[in-house]
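These notes concern the structure reproduced below.
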Amino acid sequence: MSYSPDEMMCVAASRALRDRAVCFVGIGLPSTAANLARRTHAPHLVLIYESGTLGAKPGTLPLSIGDGILADTADSVVSVPEVFNYWLQPGRVDVGFLGAAQIDRYANINTTMIGGDYQHPKVRLPGAGGAPEIAASCREVVVIVRQNRRAFVERVDFVTSVGFGSGPGDRERLGLRGAGPRTVITDLGILEADPATCELTLTHRHPGVDPDAARSATGWDLRVAHDVRTTPPPTPEELAVLRKLQQT
Amino acid sequence: MSYSPDEMMCVAASRALRDRAVCFVGIGLPSTAANLARRTHAPHLVLIYESGTLGAKPGTLPLSIGDGILADTADSVVSVPEVFNYWLQPGRVDVGFLGAAQIDRYANINTTMIGGDYQHPKVRLPGAGGAPEIAASCREVVVIVRQNRRAFVERVDFVTSVGFGSGPGDRERLGLRGAGPRTVITDLGILEADPATCELTLTHRHPGVDPDAARSATGWDLRVAHDVRTTPPPTPEELAVLRKLQQT
Amino acid sequence: MAEIVSLADAVGGLVRDGDTVALEGFTHLIPFAAGHEIIRQRRRDLTLVRMTPDVIYDQLIGMGCARRLVFSWGGNPGVGSLHRLRDAVENGWPRPLELEEHSHAGMANRYVAGASGLPFAVLRGYVGTDLAGQTATIRPIECPFTGEVLTAVPALTPDVGIVHAQRADRAGNVQLWGITGVQKEAVLAAKRSLVTVEEIVDELTPVPDAVVLPGWALTYVAVARNGSHPSYTHGYSTRDNDFYVAWDDISRDRDRFAAWMESHVL
Amino acid sequence: MAEIVSLADAVGGLVRDGDTVALEGFTHLIPFAAGHEIIRQRRRDLTLVRMTPDVIYDQLIGMGCARRLVFSWGGNPGVGSLHRLRDAVENGWPRPLELEEHSHAGMANRYVAGASGLPFAVLRGYVGTDLAGQTATIRPIECPFTGEVLTAVPALTPDVGIVHAQRADRAGNVQLWGITGVQKEAVLAAKRSLVTVEEIVDELTPVPDAVVLPGWALTYVAVARNGSHPSYTHGYSTRDNDFYVAWDDISRDRDRFAAWMESHVL
């Protein structure tokens with residue numbers, strides 16, 4: 001069964017979620033991956049959307065963060081202040097799922113602006129949303145982003161959400177309590193923060209992807225794990241469920 | 001129609017509430033007076049109980065601050081933090097209704113302890129509850145308390161809730177935003193804080209009460225307004241409604 | 001005590017040039033009809049406050065109503081950029097737009113502080129980000145008990161808070177349900193308020209997870225049927241996702257935008 | 001993930017000598033059955049936290065379980081004093097009781113801070129009262145934007161938080177309604193938690209104004225039928241006002257109290 005790089009990325013992201021984990025989900029790829037996980041190996045995954053829906057179980061993929069289907073299927077709908085203050089901030093969430101416009105060697109994330117300066121950006125992006133506090137407070141963070149030299153840069157133009165700052169010890173110094181974005185899942189493979197250096201390192205390549213292709217899609221000298229593994233391809237079940245999800 | 005001093009007190013207190021006022025009500029006499037007002041001249045009075053019931057319309061008198069009838073008849077039931085933070089603290093409440101174990105010349109209120117010192121009180125009272133912030137934040141405060149020398153003291157043994165402190169300007173200095181307990185309604189009459197001196201002054205005596213009786217029931221040299229008026233006695237309607245309320 | 005009036009009278013009575021105005025609604029219940037009325041009344045120099053500016057603020061900004069934007073996420077949800085917002089920020093068209101930029105957690109807490117009558121709120125947030133360096137309304141604060149340093153943000157107290165809801169009764173009590181976002185806080189934080197509703201009913205029968213805003217805490221209630229379109233009103237309408245997609249094209253070009261506004265809003 | 005166990009196992013697994021324990025419920029839903037189980041298990045040196053100690057804390061204090069009480073209103077609602085509490089404070093019987101005394105607003109905000117993972121909360125409160133001089137956990141704090149001085153109180157983070165609710169489903173999700181007080185905050189502020197419920201049901205059908213506590217945020221759920229008596233459970237039982245009145249006599253005398261506890265609780 002053939003599949004696209006985006007499908008591989010989505011399946012790999014869904015596999016990063018263990019059953020019964022509590023997951024803070026953004027719309028788009030993170031939501032697709034989380035809902036795929038809930039329909040395959042993680043039926044008890046708890047989905048929290050920043051719109052205030054705790055334990056949402058959407059039958060079809062929501063198109064916005066505040067779709068009615070999220071409220072209709074949630075265990076509880078709470079206010080936006082409550083979802084941030086009572087649920088995210090104290091570290092009750094196991095996994096935060098984030099996207100990025102730019103990400104750097106130390107997994108810092110930019111969704112604010114590119115080029116020029118803050119007052120006069122070349123490209124103005126949407127901004128922070130819930131990301132800075134998701135990146136700070138979730139027990140761990142998974143980033144999903146397509147890998148190319150525009151997105152994977154030596155240093156982000158703006159630190160919207162802190163990954164590992166300038167390297168080891170920075171999260172602790174800043175008082176950030178979650179473990180940070182240890183896992184970045186792309187259309188080419190999986191990058192993990194090196195436990196010693198915090199540098200994003202290619203640990204898995206998706207089937208058919210040469211590690212050199214991942215290196216040339218990266219704006220810094222990407223390290224490749226010496227025992228880089230190949231991601232198992234999507235199973236027919238994963239693909240079938242994913243495609244059914246995306247049809248709706 | 002004959003009536004008791006407590007009935008006169010309750011009727012006088014109910015008359016202190018204008019229609020459509022928003023009223024933060026404690027259990028006991030304040031609740032009786034407020035519900036009497038709602039059934040007579042103030043049908044649109046809005047009752048807030050600290051248990052979180054906004055716009056409660058109990059058909060019978062609640063026996064505790066958290067009776068089910070308050071939730072069943074409320075426009076909205078909110079959490080206890082919300083009732084204090086969103087509704088009381090910003091000054092949205094017109095009238096706060098308080099009781100007292102002791103009250104002094106400047107309308108400071110004690111519901112904490114009497115005699116000895118704080119660590120070794122002679123009598124330990126229930127404590128603050130919602131009173132300190134009610135006294136601070138409501139636009140105005142009405143106190144209902146039976147007048148005698150145990151309760152009406154020169155200086156309270158413990159300031160649980162601030163009235164006018166030590167006199168003019170104290171509330172402003174402390175940053176208290178409401179006007180404070182300008183009205184104290186007793187079984188003998190009505191005391192009002194003198195606009196110039198803040199001292200509680202007898203402005204109304206209930207029918208048949210000699211101002212000297214009020215003076216000897218007071219632990220300080222109680223001033224009597226030169227134009228002290230007589231409270232109109234309870235109307236038959238007021239008495240009938242009050243007695244029906246108290247039967248239930 | 002809420003007065004029930006027409007939308008035009010409500011906006012006319014509430015919104016003045018130079019005001020700080022918050023129109024809230026988190027994807028759901030966005031008060032588009034009220035926003036359009038502000039555009040029709042040609043208000044100017046507004047400071048617009050909103051967690052997720054969405055298409056309604058793109059329209060207000062593109063029509064030149066705003067001087068300043070206080071926000072935390074300015075995109076077309078699920079689609080991409082807000083082109084009128086970008087044009088204002090990147091090119092100063094139709095006029096320059098000052099930004100005061102926060103995170104969702106910061107904005108939500110700023111409303112909470114406003115609703116609570118406090119001058120500021122405390123949260124774990126912003127630490128290590130570049131936002132803290134760009135936004136003057138983000139400051140450190142020390143816990144007086146533990147010495148830990150956290151982040152303070154000032155209360156939002158808009159001159160006018162506007163939200164949309166399912167319904168109100170004749171006394172102006174408002175009921176909303178579904179995703180209720182930060183609407184209660186936005187209304188309570190504001191000095192004056194307007195709730196637009198789908199309908200006025202005799203009685204607000206209880207609904208699970210509903211928020212009730214007592215009429216005595218509101219300034220105006222106005223009927224605006226389908227007043228959240230292209231956003232939605234849970235139980236009354238569904239989100240017009242096609243419109244959000246179409247807006248990407250409509251708004252990309254200044255002239256096309258102006259023509260669309262001329263024929264659909266003015 | 002909440003485990004559904006017996007009340008005895010839940011209390012045995014959660015409450016240790018010396019713990020800080022909060023049993024919440026604002027007049028409604030007071031977890032009496034859980035309090036009685038703590039007494040039966042003869043826990044000692046507890047710091048008891050509760051806005052309104054009520055009869056259940058009178059019993060815990062009279063039975064010598066408590067070393068310290070953190071509270072804001074310690075009376076028998078509508079009746080008068082809590083005699084066991086008074087005897088402990090006034091005479092040190094059966095052992096001295098330290099008091100940490102707050103106002104309701106302060107206690108509520110302390111729970112909010114605990115539930116929010118913050119070390120403190122800010123409010124307008126206590127200013128000018130003698131409480132501020134007696135309670136070390138009340139301190140001034142300055143707004144970093146306006147310079148205004150407000151009051152800070154530290155977070156409550158009990159070792160154990162216990163509440164009573166109407167019902168849970170088999171996954172341990174809990175639903176409570178009526179007056180819901182500060183229960184959500186007390187559970188979320190605590191390190192470990194127990195919810196006693198009237199019944200376990202297959203499905204939690206939505207109820208207006210209900211609070212749902214997800215099972216994954218709780219430690220234990222235990223069935224305790226009529227577990228709030230003499231308080232009440234909205235929709236399941238009514239408040240036993242006669243018992244509250246009778247308690248005044250029962251508790252006034254040390255021996256009569258001990259005999260009553262012996263025959264009714266132990």
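Keep in mind it's a predicted model, so treat the numbers as computed, not measured. All values below were derived from every heavy atom in this structure, side-chain atoms included, with hydrogens, water molecules and symmetry-related copies excluded. Here is the naming used below: chain letters follow the sequence lines, and residue numbers restart at 1 for every chain.
In this structure, the side chains of B:Gln89 and D:Leu123 come closer than 4.5 Å at one or more pairs of heavy atoms. For the pair D:Leu99 and B:Gln119, the minimum side-chain heavy-atom distance is 4.5 Å or more. In this structure the side chain of B:Pro81 reaches within 4.5 angstrom of the side chain of D:Glu185, judged on heavy atoms. You'll find the side chain of D:Trp73 stays beyond 4.5 Å of the side chain of B:Thr111, heavy atoms only. Under the 4.5 Å side-chain criterion, counting only non-hydrogen atoms from C-beta, D:Arg124 is in contact with B:Arg177. In this structure, D:Val127 and B:Val162 have side chains that are not in contact, with every pair of non-hydrogen atoms separated by 4.5 Å or more. When side chains are defined from C-beta on, B:Val80 counts as touching D:Met51, because their heavy atoms get closer than 4.5 Å.
Taking OG1 of B:Thr112 as the reference point, atom CG of D:Leu131 lies at 5.5 Å (rounded to 0.5 Å). Atoms CG and CG, from D:Asp130 and B:Asn108 in turn, are 9.0 Å apart once rounded to the nearest 0.5 Å. Going from atom CZ of B:Phe84 over to atom CG of D:Asn109 covers 9.5 Å, rounded to the nearest 0.5 Å.
Heavy atoms only, all atoms of each residue included: B:Val159 and D:Gly128 are closest at CG1-O, 3.9 Å. When all heavy atoms of D:Ile179 and B:Ala71 are compared, the closest pair comes out as CG1-CB, 4.0 Å. D:Arg86 approaches B:Arg124 most closely through the heavy-atom pair CD-O, 3.3 Å.
With chain B as the partner, the residue from D:His102, D:Arg239, D:Glu101 showing the most heavy-atom pairs under 4.5 Å is D:Glu101. Contact count versus chain B (heavy atoms, under 4.5 Å) is highest, among D:Asn241, D:Thr180, D:Val149, for D:Asn241. Chain B forms the most heavy-atom pairs under 4.5 Å with one residue out of D:Leu29, D:Val89, D:Val112, and that residue is D:Val89. Contact count versus chain B (heavy atoms, under 4.5 Å) is highest, among D:Gly178, D:Ala105, D:Ala132, for D:Ala105. Note: D:Gly181 leads D:Pro77, D:Gly133, D:Gly181 in heavy-atom pairs under 4.5 Å with chain B. Between chain D and the options B:Ser51, B:Gly130, B:Pro132, heavy-atom pairs under 4.5 Å are most frequent for B:Ser51.
Under a cut-off of 6.0 angstrom, the local environment of CZ in B:Arg149 is crowded, with over 12 non-hydrogen atoms contributed by other residues, nucleotides or ligands. By the neighbour-count criterion of 12 heavy atoms within 6.0 Å, atom CZ of B:Arg150 is sparsely surrounded, having that number or fewer from other residues, nucleotides or ligands. B:Arg146 CZ: 12 or fewer foreign heavy atoms inside a 6.0 Å radius.
For the pair B:Tyr118 (side chain) and D:Gln134 (backbone), a donor-acceptor distance under 3.5 Å is absent. Judged purely by atom type and a 3.5 angstrom limit, D:Glu90 has no side-chain atom pairing as donor or acceptor with the backbone of B:His120.
Residue B:Thr160 touches chain D through its backbone alone, counting heavy-atom pairs closer than 4.5 Å. Contact of B:Glu50 with chain D is made through backbone and side chain together, with heavy-atom distances under 4.5 Å. Only the side chain of B:Leu176 comes within less than 4.5 Å of a heavy atom of chain D; its backbone N, CA, C and O stay farther away. Contacts of D:Phe71 with chain B are made by side-chain atoms alone, with heavy-atom separations under 4.5 Å and no backbone atom involved. Both the backbone and the side chain of B:Val123 come within contact range of chain D, judged by heavy atoms closer than 4.5 Å. For D:Phe26, the parts lying near chain B are the backbone and the side chain together; criterion is any non-hydrogen pair under 4.5 Å. In this structure, chain D has heavy atoms under 4.5 Å from both the backbone and the side chain of B:Asp67.
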Would D:His234 and B:Asp72 count as a side chain to side chain donor-acceptor pair (under 3.5 Å) here? Give the steps. CA-CA 9 Å; D:His234 203 115; B:Asp72 282 338; 2.9 Å; yes

Stepwise side chain to side chain donor-acceptor pair (under 3.5 Å) check, B:Glu133 with D:Tyr126: CA-CA 7 Å; B:Glu133 286 77 25; D:Tyr126 302 102; 5.4 Å; no

